[in-house]
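These notes concern the structure reproduced below.
Computed from a prediction, not measured in an experiment: that's the story for all the values here. Naming: A, B, ... by sequence-line order, numbering from 1 per chain.
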There are 2 protein chains.
Amino acid sequence: MDAVDRTLVEALRANGRATYAELARLVGLSGPSVTDRINRLEQAGVITGYRAAVDPSTLGLGVTALIGVLLSDAADLDDVARRLKDVPEIEDCWFVAGEESFVLKVRAGDPVGLEKIIGRLGRIRGVARTRTTIALSTKWEARQIPIPAED
Amino acid sequence: MDAVDRTLVEALRANGRATYAELARLVGLSGPSVTDRINRLEQAGVITGYRAAVDPSTLGLGVTALIGVLLSDAADLDDVARRLKDVPEIEDCWFVAGEESFVLKVRAGDPVGLEKIIGRLGRIRGVARTRTTIALSTKWEARQIPIPAED
DNA sequence: TGCAACAGTGGACGCGGTCGACCGCACCCT
DNA sequence: AGGGTGCGGTCGACCGCGTCCACTGTTGCA
């Protein structure tokens with residue numbers, strides 16, 4: 001994971017469909033050696049995949065919300081996490097410190113859809129209460145934050 | 001935006017480096033027509049780009065936190081948003097309904113790094129207070145949620 | 001000094017992306 | 001009903017890219 005690798009990762013974060021030839025020109029190496037490095041980055045788990053970035057609102061998912069999940073006493077964390085995974089509208093799920101045990105980011109088509117999701121969450125065994133925060137606008141999402149110099 | 005387009009979007013969300021030939025075989029069309037459709041999806045703003053998915057912890061960004069930002073009375077929303085944008089560690093920024101005006105998702109290398117970010121946020125003009133929730137573990141992130149049938 | 005391991009280079013081959021020309025269909029207007 | 005138009009798709013050809021393999025140069029170590 002040297003400077004060349006960091007450059008490659010930056011370039012692929014900006015454009016996941018960059019050709020190996022382009023990347024080779026960018027870092028001043030030959031094509032095969034760039035291929036080697038990227039394969040190694042993938043196998044090391046640095047690059048976990050390549051995704052098309054899609055605007056959810058164009059797919060009819062205009063509502064974004066953050067939902068805090070409070071558990072009942074004696075709830076099984078793993079069990080709740082497993083049941084949360086069955087709710088397809090949850091895009092992100094963090095286990096957090098604080099009064100709330102999980103924070104979820106969900107997408108819905110409209111407020112009615114969001115209400116249905118909240119209802120489903122509340123019916124999960126072990127979930128005591130939810131606290132929903134609606135995003136009125138998304139200033140930005142998934143911005144590329146700089147890679148720290150050291151490892 | 002018909003069923004074929006949805007299939008293409010799903011496929012490119014799963015693998016952003018899929019070749020047009022693969023996609024053509026998948027949907028049963030010729031290469032050029034798939035290229036046309038994808039170009040149209042890009043120009044329509046459905047597909048906004050292609051990104052390599054990177055595991056932040058392998059880059060030395062092991063700490064994820066959600067930070068709620070409370071504003072002072074008479075704070076200028078746009079001005080605060082602009083100053084938040086200058087903080088590179090903020091990966092997502094939503095303007096939300098509720099006592100907090102913004103919710104941020106930030107990444108830091110360690111708790112000390114997070115403390116520095118919180119300090120910087122608190123010094124932004126118009127920011128009255130912040131409330132930080134640390135993610136102890138990420139159950140999942142950026143999961144592909146299904147595309148609703150209708151548009 | 002000699003050997004081994006590793007990273008990179010260069011060339012050759014096959015496949016994929018791209019472009020232009022053509023086709024068929026649906027829609028519309030008269 | 002007929003003709004025109006535009007759109008979406010196919011086909012074929014050319015160029016460039018990805019991939020594989022053999023070779024090279026360097027570093028580290030015995």
Side-chain angles (χ1 to χ4, degrees), chain A residues 1-62 109 142 144 146-151, chain B residues 1-61 142 144 146-151:
Chain A
M1 190 68 202
D2 57 7
V4 173
D5 284 336
R6 271 192 290 273
T7 305
L8 291 174
V9 169
E10 286 286 9
L12 284 170
R13 279 207 299 183
N15 176 18
R17 284 185 82 85
T19 64
Y20 293 149
E22 283 175 63
L23 297 169
R25 284 190 287 270
L26 177 67
V27 298
L29 289 180
S30 67
S33 74
V34 166
T35 310
D36 273 6
R37 281 174 175 269
I38 291 173
N39 286 338
R40 261 176 282 154
L41 286 169
E42 290 169 355
Q43 289 192 328
V46 177
I47 296 175
T48 59
Y50 301 89
R51 308 267 112 88
V54 175
D55 180 350
S57 68
T58 64
L59 298 179
L61 292 168
Q144 295 181 46
I147 300 176
E150 304 301 294
D151 214 17
Chain B
M1 191 68 201
D2 57 6
V4 172
D5 284 336
R6 271 192 291 274
T7 305
L8 292 174
V9 169
E10 287 285 8
L12 284 170
R13 279 207 299 183
N15 176 18
R17 284 185 81 86
T19 63
Y20 293 148
E22 283 176 63
L23 298 169
R25 284 189 288 269
L26 177 68
V27 299
L29 289 180
S30 68
S33 74
V34 166
T35 310
D36 273 7
R37 281 174 174 269
I38 291 172
N39 285 337
R40 263 175 281 153
L41 286 168
E42 290 169 357
Q43 289 191 328
V46 177
I47 296 175
T48 59
Y50 301 89
R51 307 268 113 85
V54 174
D55 181 350
S57 67
T58 64
L59 299 179
L61 292 168
Q144 296 181 46
I147 300 176
E150 303 301 294
D151 212 18

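- With rounding to whole Å, B/Glu22 atom CD is found 19 Å from D/dC17 atom P.
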Return a single string for nucleotides 7-16 of chain D, one symbol per nucleotide in 5' to 3' order, where B is base contact, S is sugar-phosphate-only contact and - is none, cutoff 4.0 angstrom on heavy atoms.
-SSBB-----
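- In this structure a side-chain-to-backbone donor-acceptor pair under 3.5 Å is missing from A/Arg6 to A/Pro148.
- With values rounded to the nearest 0.5 angstrom, B/Met1 atom CE is found 7.0 Å from A/Thr58 atom OG1.
- Between B/Val34 and B/Tyr20, the shortest heavy-atom distance links the atoms CG1-O, 4.2 Å.
- The side-chain hydrogen bond (donor to acceptor under 3.5 Å, both in side chains) search around A/Asp36 returns none, not counting sequence neighbours.
- Distance A/Arg17 CZ to D/dG18 C1': 14 Å, rounded to the nearest Å.
- Proximity note for A/Arg25 (side chain, C-beta onward) versus C/dG16, D/dG18, D/dC17: the nearest is D/dC17.
- Under 4.0 Å is where a charged nitrogen must lie from a carboxylate oxygen, and between B/Arg25 and B/Glu22 no such pair does.
- Rounded to 10°, the helix from C/dT1-D/dA30 to C/dT30-D/dA1 has 20° between the axis fitted to its first five pairs and the one fitted to its last five.
- To the nearest 0.5 Å, atoms OG1 (A/Thr7) and CG (A/Leu29) are separated by 10.0 Å.
- Here the straight-line distance linking atom CG of B/Leu12 with atom CZ of A/Arg17 works out to 6.0 Å at 0.5 Å rounding.
- Without hydrogens or angle criteria, B/Arg51 side chain to A/Arg13 main chain gives a donor-acceptor distance under 3.5 Å.
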